[in-house]
Novice: 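Before I ask anything, let me first share the structure, which is written out below as structure tokens.
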Amino acid sequence: MDSRHLTLSAVLGGALLAAPALADDTAVTVGMIVPMTGPVASTGKQERAGAELYIQQHGDTVAGKKIVLSIKDDTGAADVTKRLAEELIGNDHASVLMGFGLTPLALAAAPVATEAKVPEIVTAAATAMITEKSPYIVRTSFTLPQAAAPMADWALKNGIKKVVTIVTDYGPGADAEKWFGDTFEKGGGTIAEKIRVPLKNPDFAPFLQRVKDDAPDAVFVFVPSGFGAIFMKEFTERGLDKSGIKLIGTGDVTDDDLLADIGDSALGAVTTHHYSVAHDSPENKAFVEAFEKANNGMRPNFMAVAAYDGMGLVYQALEKTKGDASGDALLAAMKGASWMSPRGPISIDPDTRDIVQNEYVRKVEKRDGALYNVEFETIPNVKDPYKAAKH
Ligand code: VNL
């Protein structure tokens, strides 16, 4: 045996042992960080199912690379999100980070993505400024200004003159309050009161009594996905569903995932959002059918669609780069991408890296015994107005 060869293998063997895990360039790891436990666990469950369905439908190989989806539970805690992002990149050589159930969690991963030059696809969190916190952030979910401003336009056109806003007190709630409120007031409407409720252990009851006393034409609501049932229960217990005060909001409060639990008190609520399970298109019919089949009948919501599209964006980018999974190449391929989603046509604004999509005005109605957000008006190709106003 050649002694030089032996020496070389010994050296290589040593190097292999020293390195914790060598990057395998036939595989591309997508690190999905979502809350699978805690108060926003429904978002993690939906996101995971959306991403997995995309892979199931499109195969786990793209441009010669095997896609490895590594799902991590951050329990909704920002310090955990950050640590998981570092581990996914440092140990598992993740080429893409994805997920982020709440705004503070998306923000916690931003410096990690920037330093490692790894794309961070935000498929849930929706405060407008998130995409400005790292040049590597791309978003396939939505922004609250994108959803809330069209709600104000609709209210103004439909005889609503006085509104009380009630929002969860953090980033997306502040965005919803501002973009609904400013748009409504600019159009001649009056905001009688702006109420904020804590994110942790929210109790809406005392605030709802104030809403009743203010006797507005409508109450505008933002609560994050998963919190709509608590809100609606207290809304109904206070008799607000029968008070003649109209319920309007962004679609988070009448989340498709929760409508069955909320029940008939949601009937008639009008919201603006980018996705309804009842969206009438062949793409959505196929998506909903496959999703329910793969998940024991669970209805997909807007979180599931955003993760499905987030995974679709990874596939599209890898095809464009011919399998080059380096961060800058993927990021460049993601900018300006456009495709048909179950929610309708969407694209990634190449300047802001945020999503451009239709907003739909919807009303909760009963169809075949089940509740749906039935779309009745479309505002096409809405860009995030917060960033549009700055440019
Ligand atoms: C956020 C925005 C989270 C909208 C949501 O559900 C939501 C966020 C968990 O940016 O934290 O529906």
Side-chain angles (χ1 to χ4, degrees), residues 32-50 73-78 81 98-110 120-133 137-149 151 166-180 196-200 202 220-232 249-259 262 269 271-277 299-307 310 343 354-355 357 359 362 373 384 386:
M32 179 173 235
I33 308 176
V34 280
M36 297 300 298
T37 50
V40 260
S42 64
T43 292
K45 202 167 143 194
Q46 288 276 349
E47 294 255 311
R48 168 191 205 144
D73 175 13
D74 65 10
T75 71
T81 313
M98 187 187 288
F100 312 102
L102 293 167
T103 289
L105 311 178
L107 296 179
E120 172 182 343
I121 306 182
V122 174
T123 56
T127 304
M129 57 68 179
I130 289 173
T131 41
E132 295 174 334
K133 297 302 174 193
I137 294 180
V138 177
R139 178 156 40 196
T140 61
S141 54
F142 72 112
T143 82
L144 261 304
Q146 192 176 43
M151 188 70 252
I166 178 161
V167 302
T168 303
D169 192 9
Y170 74 124
D175 267 4
E177 179 188 274
K178 177 180 166 49
W179 284 85
F180 176 83
R196 293 193 182 186
V197 182
L199 174 62
K200 282 205 178 116
F220 168 90
V221 185
F222 165 79
V223 291
S225 179
F227 289 71
I230 316 166
F231 175 84
M232 290 303 300
T250 58
D252 311 72
V253 66
T254 57
D255 191 340
D256 281 309
D257 199 13
L258 295 174
L259 270 183
I262 294 174
T271 57
T272 37
H273 228 203
H274 52 285
Y275 180 69
S276 164
V277 78
R299 258 191 190 190
N301 71 359
F302 59 99
M303 297 298 189
V305 173
R343 67 185 110 170
D354 228 324
I355 187 161
Q357 60 190 339
E359 283 294 324
R362 317 96 51 86
N373 292 292
D384 172 42
Y386 161 81

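Numbering starts at 1 and runs along the sequence shown. Atoms within a ligand are numbered from 1 in the order they appear, just like the ligands themselves.
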Novice: Answer whether the closest heavy-atom distance between the side chains of Asp252 and Phe142 falls below 4.5 Å.
Specialist: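 Touching, per the 4.5 Å side-chain cut-off.
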
Novice: Which of the atoms in ligand 1, numbered in the order shown and given with their element, are less than 4.0 Å from a heavy-atom of Tyr170?
Specialist: 1 (C), 3 (C), 8 (C), 11 (O)

Novice: Can you check whether Tyr170 reaches Leu102 side chain to side chain, under 4.5 Å on heavy atoms?
Specialist: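 The answer is yes; the side chains approach within 4.5 Å.
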
Novice: Quick one: nearest non-hydrogen protein atom to atom 6 (O) of ligand 1, plus distance?
Specialist: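 Ranked first by proximity to atom 6 (O) of ligand 1 is Ser225 N, 3.0 Å.
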
Novice: Closer than 4.0 Å to some heavy atom of Phe302 - which atoms of ligand 1 meet that?
Specialist: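 Checking each atom against Phe302, I get 12 (O).
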
Novice: Do the side chains of His274 and Ile355 get nearer than 4.5 Å, heavy atoms only?
Specialist: no

Novice: Would you say that Ile33 contacts Leu105 through its side chain, given a criterion of any heavy-atom pair below 4.5 Å between the two side chains?
Specialist: no

Novice: Within the structure provided, determine whether Thr131 and Val122 are in side-chain contact (heavy-atom separation under 4.5 Å).
Specialist: no

Novice: Under 4.0 Å from a heavy atom of Asp252: which atoms of ligand 1 are those, numbered in the order shown and with their elements?
Specialist: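 Counting from 1, the qualifying ligand atoms are 4 (C), 7 (C), 12 (O).
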
Novice: Does ligand 1 have a heavy atom under 4.0 Å from the side chain of Thr103, from its backbone, from both, or from neither?
Specialist: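 Near ligand 1, Thr103 shows its backbone as well as its side chain.
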
Novice: Using a strict cut-off of 4.0 Å, indicate which atoms of ligand 1 neighbour a heavy atom of Val40.
Specialist: 9 (C)

Novice: Apply the side-chain hydrogen bond (donor to acceptor under 3.5 Å, both in side chains) test between Thr37 and each candidate in Thr75, Asp74, Asp73; give the one that qualifies.
Specialist: Asp73

Novice: Identify which of Gly76, Ser42, Ala126 has a heavy atom lying nearest to atom 2 (C) of ligand 1.
Specialist: Ala126

Novice: Would you say Phe227 touches ligand 1, if touching means a heavy atom closer than 4.0 Å?
Specialist: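 Flag not set, Phe227 not near ligand 1.
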
Novice: Which atoms of ligand 1 have any heavy atom of Ala125 under 4.0 Å away?
Specialist: 8 (C), 10 (O)

Novice: I need the atoms of ligand 1 closer than 4.0 Å to a non-hydrogen atom of Met303, numbered in the order shown.
Specialist: 5 (C), 6 (O), 7 (C), 9 (C), 12 (O)

Novice: Looking at ligand 1, is there an atom of it that comes within less than 4.0 Å of some heavy atom belonging to Gly226?
Specialist: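 It does not, in that no heavy atom of Gly226 comes within the 4.0 Å cut-off of ligand 1.
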
Novice: Do Thr143 and Tyr386 have side chains that get closer than 4.5 Å, going by heavy atoms?
Specialist: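 When only atoms from C-beta onward are counted, Tyr386 and Thr143 do not touch, as no gap falls below 4.5 Å.
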
Novice: Which of the atoms of ligand 1 are close to Thr43, meaning less than 4.0 Å from one of its heavy atoms?
Specialist: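 Those of ligand 1 that fall under 4.0 Å from Thr43 are 9 (C).
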
Novice: Would you mind running through ligand 1 and noting each atom that sits below 4.0 Å from a heavy atom of Gly101?
Specialist: 3 (C), 9 (C)

Novice: Please say which of Asp256, Asn373, Asp255 ends up in a side-chain hydrogen bond (donor to acceptor under 3.5 Å, both in side chains) with Asn301.
Specialist: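 Result for side-chain hydrogen bond (donor to acceptor under 3.5 Å, both in side chains) with Asn301: Asp255.
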
Novice: Mind checking the CD1-CD spacing from Ile137 to Glu120? Nearest 0.5 Å is all I need.
Specialist: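 Spacing of CD1 (Ile137) from CD (Glu120) equals 4.0 Å.
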
Novice: Should the proximity of Phe100 to ligand 1, defined as any heavy atom under 4.0 Å, be assigned to the side chain, the backbone, both, or neither?
Specialist: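 It is neither; nothing of Phe100 touches ligand 1.
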
